[in-house]
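Position 1 is the first residue of the sequence; numbering continues from there.
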Amino acid sequence: MKTLIANTAALTALLCASVPACAGSHVFLVQNSGWMDPFYTDPASQYKPLVTELVIAATEPGDLMVLASFNQRLPGAPSPKALLSQKVSGAATRADVGAALASLQTAKKPGSSALADTDLGEAVSSAIGTALAGKPGLVWLFTNNRNSPNNDQATARRNREFYELIHQGGAITKALAFPLKMAVKGEHYRANGLMVYVFAVGEQGARELDRLLASGRIGAVITEPPARLKPLDRDTVRLVPRRVEDAPGVSFSMGPGGMLRADVDSSARTPAAKIGWNLENTIYPYTIASARIGARSVLAQQDRPIALASDKVGALAPGKSAPLASTMQLPVAQLPGKWSMQALGSAGSAYVMPGRIELQLTDQRLELSQAFRQRMEALFPGDPLPEIFTPPERIQGSLAVLPIEVRVHYGIGPLLALIAAGLALAGAAGAAALAYGRPRRTFLTVEDELRTVHTRAGVTQPIFDKAGNKVAQLKTTIFGHQLIDLREGAQVRLGR
């Protein structure tokens, strides 16, 4: 396939060899077919400046960046066509992108004055298969959303094919669309809006896109919220705790990155808590028309259902929330005791038990929100786009996972008591050792002769009479002295 010029593929291969899994690889596809003519000919058009600013916002120094124009591939007219391919280097890249776009104009068919047609699917497939060589990365697409290969007027059908590529293509793991207002007027056409797509290729590409969105750099250029195209079967809702009842010593809060924290006092023994949540729709621009919901918690290696006051949700618009009451089992029986090693090691801080809450939506029916539909009609009048923004019928459920940390707070009393006991034991052992090693002196009377004997604890020494015969042994302990192995008839006694 020769959709991008050879040096682009070569540079991609070279950078993939030096950058693990091609992290930070971007392909920017800029449409220049006939339908885009007013974006190029209107002196007030902000099309090229937008592309430049988004390239700079989306990339970081050291990233691989490929900038290409696209329309529809014909003999003698390759599409996409690389305009620039390099490693990103800050200000130099801004100047290079500006220079590459400055000379870009509306394309014409080879050997004809007719303006070029558009094939969105061809452009995206070529970017994934050739520029990225099937490796992880992000593909950005700037288009007026008129998909018309060979001047096909059935744009609704062509757009549907394009969306099938997005939803059914295994390479694309995440897809977002940014509808933007951009009124331009040309000699032949006029337009009110522009669509910017971003497609994450591979799981690593999806993580890179999430990180990029979280950084706020894209939001500084495009202030409109992204419309999600894929995935539509996970993370469609979010649980936010409102209050906790009937659980003394237990409180909930939200931590960084959406982490739910359950702070539990070590003395808490209430087996369940009534928790009031806000169930928020996070799948812009879709309204959850109806769905059945179920929930469970996985905490302290215990998998338990969460009892919900209602198992249904409906008419939940994007960004809106609905109250949801639940009863959740707490892992109080599995909490380490205050004298356990876990508790003593966490004294004065918190012992953390990670877990998760899973919210399952089934029989899910999504509808394009009316506000988004109206916005699309204003930006793309006469465009059938809102009708084909509908999720695939096979997506009738979704799973939302809320990570949770159970943080058990232990006082330092047991630890101090253990330290005090340890110190006392060490003191006693030291005193015993001192007593054990201290020189001892005792008196013996042997055949009416008073003797002074110097010894130590743990020593047993022989005792001899005046004739040099062994008559006994003196055994010394930390508790005193004792005569042992006393010979019959021997005149030996302790003391004077």
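We find that Glu122 and Arg73 are joined by a salt bridge, their nearest charged nitrogen and carboxylate oxygen being less than 4.0 Å apart. Ion pairing between Glu377 and Arg375 fails under the 4.0 Å rule for side-chain N and carboxylate O. Taking a cutoff of 4.0 Å between a charged side-chain nitrogen and a carboxylate oxygen, Arg190 and Asp42 do not qualify as a salt bridge. A salt bridge does not link Arg217 with Glu53: none of the charged nitrogens is closer than 4.0 Å to a carboxylate oxygen. Between Lys181 and Glu224 there is no salt bridge, since none of the side-chain N atoms of the basic residue sits less than 4.0 Å from a carboxylate O of the acidic one.
Neither side chain, Ser33 nor Asp117, offers a donor N or O lying under 3.5 Å from an acceptor on the other. Looking at Thr118 and Gln31, their side chains do bring a donor and an acceptor atom within 3.5 Å of each other. Looking at Gln364 and Ser398, their side chains do bring a donor and an acceptor atom within 3.5 Å of each other. Using a 3.5 Å distance cut-off with no hydrogens or angles, the side chains of Thr93 and Gln86 do pair a donor with an acceptor.
Aromatic ring centres of Phe162 and Tyr197: separated by under 6.0 Å. For Tyr284 and Phe372, the distance between ring centers is under 6.0 angstrom.
Contact check for Ser290 versus Val313: no side-chain heavy atoms found under the 4.5 Å cut-off. Between Ile128 and Val27 there is no side-chain heavy-atom pair separated by less than 4.5 Å.
Expressed to the nearest 0.5 Å, how far CG of Leu165 lies from OG of Ser125 amounts to 4.5 Å. Rounding to the nearest 0.5 Å places CG of Asn32 at 8.0 Å from CZ of Phe70.
For Lys48, the NZ atom counts as densely surrounded, since its 6.0 Å shell holds more than 12 non-hydrogen atoms of other residues, nucleotides or ligands.
Ring geometry for Tyr189 against Trp35 counts as tilted: the plane angle lies between 30° and 60°, on a 0 to 90° scale.
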Can you list the steps and then say if Phe28 with Thr52 is a side chain to side chain contact (heavy atoms under 4.5 Å, CB included)?
-> CA-CA 10 Å; Phe28 297 90; Thr52 302; over 6 Å; no
